[in-house]
Peer 1: 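Quick one: the structure is below, and I'll ask about it shortly.
Note: hydrogens, waters and symmetry copies are ignored here, and every other heavy atom, side chains too, is used. Not measured: the values here are computed from a predicted model. A note on names: the letters A, B, ... follow the listed sequences, proteins ahead of strands, and every chain is numbered from 1.
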Number of protein chains: 2
Amino acid sequence: MSDVRILVVDDEVQILRALKTNLEAREYAVSTASDGEEALRLIADVNPDLLILDLGLPKKSGLDVLRSLRTWSDIPVIIVSARNGDPDKIAALDEGADDYLTKPFSIGELMARVRAALRRRVQTEQSAIVVTPDFEVDFSKGVATRRGEVVHLTPLEWKIVGVLVHSEGRLVTQRSLLSEVWGPHYDNESGYLRVHMTHIRRKLEPEPARPRYFRTEPGIGYRFIADGGPR
Amino acid sequence: MSDVRILVVDDEVQILRALKTNLEAREYAVSTASDGEEALRLIADVNPDLLILDLGLPKKSGLDVLRSLRTWSDIPVIIVSARNGDPDKIAALDEGADDYLTKPFSIGELMARVRAALRRRVQTEQSAIVVTPDFEVDFSKGVATRRGEVVHLTPLEWKIVGVLVHSEGRLVTQRSLLSEVWGPHYDNESGYLRVHMTHIRRKLEPEPARPRYFRTEPGIGYRFIADGGPR
DNA sequence: AACATCTTTAACGCGTCCTTAACGCCTCGC
DNA sequence: GCGAGGCGTTAAGGACGCGTTAAAGATGTT
């Protein structure tokens, strides 16, 4: 048995079983989920190397799963859906999916795409939890705390914090921040960002007027410093 | 203007032209080739960030191109082919292709898959660091340090340092420096430059009054020397 | 349909960065 | 040895971007 873990999410039992059988025949370790919330729970739990995700799910749609997953994880995701319209494909790919197959698909092709996705897997091992002297952010649970107290973050704030924290110490241009958060077409209009940065700082920074963790690089973008750095 | 280079390989001229137009509209730098040998030559020549490759090519098939390419390069490859049989897809994906689209395909979907492939590239790219005995500049992280201490560079200073460092050891005329930093219309007016060079030297040079790394060539321009060179 | 939450938009004060000008020094030519 | 032009340096002005606030618009929920 290989040590590659794959999570398959689909609400149709027979498809779930067929995929599981085929993947296990190739010696992958397979977990399964049949709705969106269970999927997110299992992702945090088993920490799979790859996700095969149906779009039409109960509880939480596949797109929702993908969206919240992408705030803290870069594992490859292959979408498997009955919808074959352009808008669906483009939306899923732009939300961070790595591949998109339309049902019905050939098992052989899916397996080849699984191999392709796993081949370029990079060992980033980014932790889902970020701890600073002043606050903590747990992306897998979706909980942020400041000095023990839970602070509420909106979806957009989660995404912005996710992008910045994910590339810790690195200067993130507002251009790439915008396109990673709002999608590839909103690569200017930085007016939004300033407002949300204010909110994030008010919620997390010990002294929002003089940010230590979420720093501004004027004219370029923002940078997250995990230990607060010198000041 | 983006600095992402894409090479498109197809033997049908109208497809080549359509793809080129669409990609350039999205501000990618596009090169084209129409047979396998030309493709390999251009890959080595322009060093593209992504390859869009047709399978049915003269001289050398797309699969051959892919095979020999994969012996030295890991750039993402999107296959675009009229064949939609499983064996073709599986073979191409297992030879190292990242994605496979069947003709005819929608331009929108291709563009989304291009974005998806390029998105992954960012994680793989190694950081572009310039190291001298006295200071370091990391362009990918956006960090400059002098003797371990972080020094702050303004956007303009980043650009100027970038241009000079990029052509290390070579003389850069103030004319080309100006047009690369400020745009093609500001190719005289060297008053700006002198001020900013002062700032850069004060921040990076160990002895700003006697620059070792950012040297002046009177009447012509500037030159960056990575090891400080002879005094 | 009313409410609550989140996102977007607009406006304003403030700080940073870019520009501009002035001046002294150096180098080179006469 | 003298003058001119280019360069380095400094300081001050203004333009622009950023933080902040408040309110309108969008979205989802009861």
Peer 1: Do any side-chain nitrogens or oxygens of Thr198(B) fall under 4.0 Å of OP1 or OP2 in dT9(D)?
Peer 2: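 Looking at the OP1 and OP2 atoms of dT9(D), one of them is under 4.0 Å from a side-chain N or O of Thr198(B).
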
Peer 1: Rounded to whole Å, how long is the line connecting atom CD1 of Ile200(B) with atom C1' of dC17(C)?
Peer 2: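 Going from CD1 in Ile200(B) over to C1' in dC17(C) covers 13 Å.
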
Peer 1: Would you call the rings of Phe139(B) and Trp158(B) parallel, tilted or perpendicular, taking 30° and 60° as the class edges?
Peer 2: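 Because their plane-to-plane angle is over 60°, the rings of Phe139(B) and Trp158(B) count as perpendicular.
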
Peer 1: Which letter, B, S or -, goes with each nucleotide of nucleotides 7-12 of chain C from 5' to 3', with contact meaning a protein heavy atom under 4.0 Å?
Peer 2: SBBBB-

Peer 1: Whole angstrom is fine here: how far is it from CZ in Arg223(B) over to P in dC7(D)?
Peer 2: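 It works out to 15 Å between those atoms.
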
Peer 1: Using a 4.0 Å heavy-atom cut-off, does Thr216(B) contact any base of the nucleic acid, only the sugar-phosphate backbone, or nothing at all?
Peer 2: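 Result for Thr216(B) = sugar-phosphate.
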
Peer 1: Atom CD1 of Ile220(B) and atom P of dT27(C): how far apart are they, to the nearest Å?
Peer 2: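 Result: 16 Å.
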
Peer 1: Between Arg202(A) and dT21(D), is there a contact of a side-chain N or O with OP1 or OP2 at under 4.0 Å?
Peer 2: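 Answer is yes, contact under 4.0 Å.
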
Peer 1: My understanding is that only residues two or more places apart in sequence, or in another chain, count here; which of them pass salt bridge (charged side-chain N to carboxylate O under 4.0 Å, His left out) with Arg70(A)?
Peer 2: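 Partners of Arg70(A) under the salt bridge (charged side-chain N to carboxylate O under 4.0 Å, His left out) test: Asp98(A).
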
Peer 1: Could you check how far CE of Met197(B) sits from P of dC18(C), rounded to whole Å?
Peer 2: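 The answer, rounded to whole Å, is 14 Å.
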
Peer 1: Once you round it to whole Å, what is the distance between P of dC18(C) and CD of Glu217(A)?
Peer 2: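 Going from CD in Glu217(A) over to P in dC18(C) covers 12 Å.
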
Peer 1: Between atom NE2 in His152(A) and atom P in dC6(C), what is the gap in whole Å?
Peer 2: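 Rounded to the whole Å, the gap is 4 Å.
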
Peer 1: Rounding to an integer number of Å, can you tell me how far Arg210(B) CZ sits from dG8(D) P?
Peer 2: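 My rounded result for the distance is 14 Å.
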
Peer 1: Can you classify the ring geometry of Tyr213(A) versus Phe135(A) as parallel (below 30°), tilted (30 to 60°) or perpendicular (above 60°)?
Peer 2: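 Ring orientation, 0 to 90° scale: perpendicular.
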
Peer 1: OP1 or OP2 of dC18(D) sitting under 4.0 Å from any side-chain N/O of Gln174(A)?
Peer 2: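 It does, given that an N or O in the side chain of Gln174(A) lies less than 4.0 Å from OP1 or OP2 of dC18(D).
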
Peer 1: Looking at Ile6(A), Leu7(A), Val4(A), Leu42(A), which one forms a side-chain contact (heavy atoms from CB on, under 4.5 Å) with Pro48(A)?
Peer 2: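 Exactly one candidate clears the test, Leu7(A).
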
Peer 1: With a 4.5 Å cut-off on side-chain heavy atoms, are Asp74(A) and His166(A) touching?
Peer 2: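 Answer yes - side chains close enough.
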
Peer 1: Verify side chain to side chain donor-acceptor pair (under 3.5 Å) between Ser34(A) and Asp11(A), making sure each step is shown before the conclusion.
Peer 2: CA-CA 4 Å; Ser34(A) 46; Asp11(A) 58 333; over 6 Å; no

Peer 1: Verify side chain to side chain donor-acceptor pair (under 3.5 Å) between Arg201(B) and Thr216(B), making sure each step is shown before the conclusion.
Peer 2: CA-CA 11 Å; Arg201(B) 282 165 173 159; Thr216(B) 304; 2.7 Å; yes

Peer 1: Quickly work out the Phe214(B) CZ to dG8(D) P distance and round it to whole Å.
Peer 2: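 Going from Phe214(B) (CZ) to dG8(D) (P), I get 13 Å.
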
